[in-house]
Amino acid sequence: MYDTTTTYSAVCQWVTGEGKKGERIHLVTHKRTAGVNSVVSYDARERNQITGFTLHGFGATTTTGTVPVEGGACVGNEDGVNHNGTWVSVVPESTTGGLSVAHGGSSVPLG
């Protein structure tokens, strides 16, 4: 299973009705999941050694959330009032998760 969650710090900027600049930082979460539903194979190198693993049978990728794009439209505040803002900065803050393998009811992260 491939399962990650990335959090972005995104700055939305707008001009108020009084002509003043408004700015708000939003933390945006983006989750990505893909199943590996088939086999893991390897290439034999020498006795009791392998070169690496090959993953076969990736499932569909599912994503939750939308990553903002600099220059794209944004809503200035969390109550949903539209200020016709623009994303001026989008920075990834953290990513958790990754690739894991499950067998016999146990799941182990790889890497």
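For the atom pair CH2 of W14 and NZ of K21, the computed distance is 11.0 Å after rounding to the nearest 0.5 Å. A distance of 10.0 Å separates SG of C12 from CZ of R24, quoted to the nearest 0.5 Å.
A continuous path of hydrophobic side-chain contacts links V108 to Y2 [ILVMFWY only; heavy atoms under 4.5 Å].
Within the structure, no pair that satisfies the side-chain hydrogen bond (donor to acceptor under 3.5 Å, both in side chains) test touches residues 62-72, not counting sequence neighbours. Pairs engaging residues 26-35 under the salt bridge (Lys or Arg N to Asp or Glu O under 4.0 Å) rule: D3-K31 [sequence neighbours left out].
Of all heavy-atom pairs spanning A34 and T61, the tightest one is CB-OG1, 3.8 Å.
Using a 4.5 Å cut-off on side-chain heavy atoms (C-beta onward), H30 and Y8 make contact. Within the 4.5 Å cutoff, no side-chain heavy atoms of V15 are placed close to those of K20. Inter-residue side-chain proximity for T5 and T29 is flagged as met; some heavy-atom pair is nearer than 4.5 Å.
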Could you pull out every donor-acceptor pair under 3.5 Å between side chains of residues 94-102 and any protein atom, sequence neighbours left out?
from	atom 1	to	atom 2	distance (Å)
T95	OG1	T6	OG1	3.0
S100	OG	M1	O	3.4

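Residues meeting the side chain to side chain contact (heavy atoms under 4.5 Å, CB included) test with T86, sequence neighbours left out: none. Shown here are the side chain to side chain contact (heavy atoms under 4.5 Å, CB included) partners of V69, two or more places apart in sequence or in another chain: there are none.
Remark: the backbone N or O of A10 is not paired with any side-chain donor or acceptor of W87 at under 3.5 angstrom.
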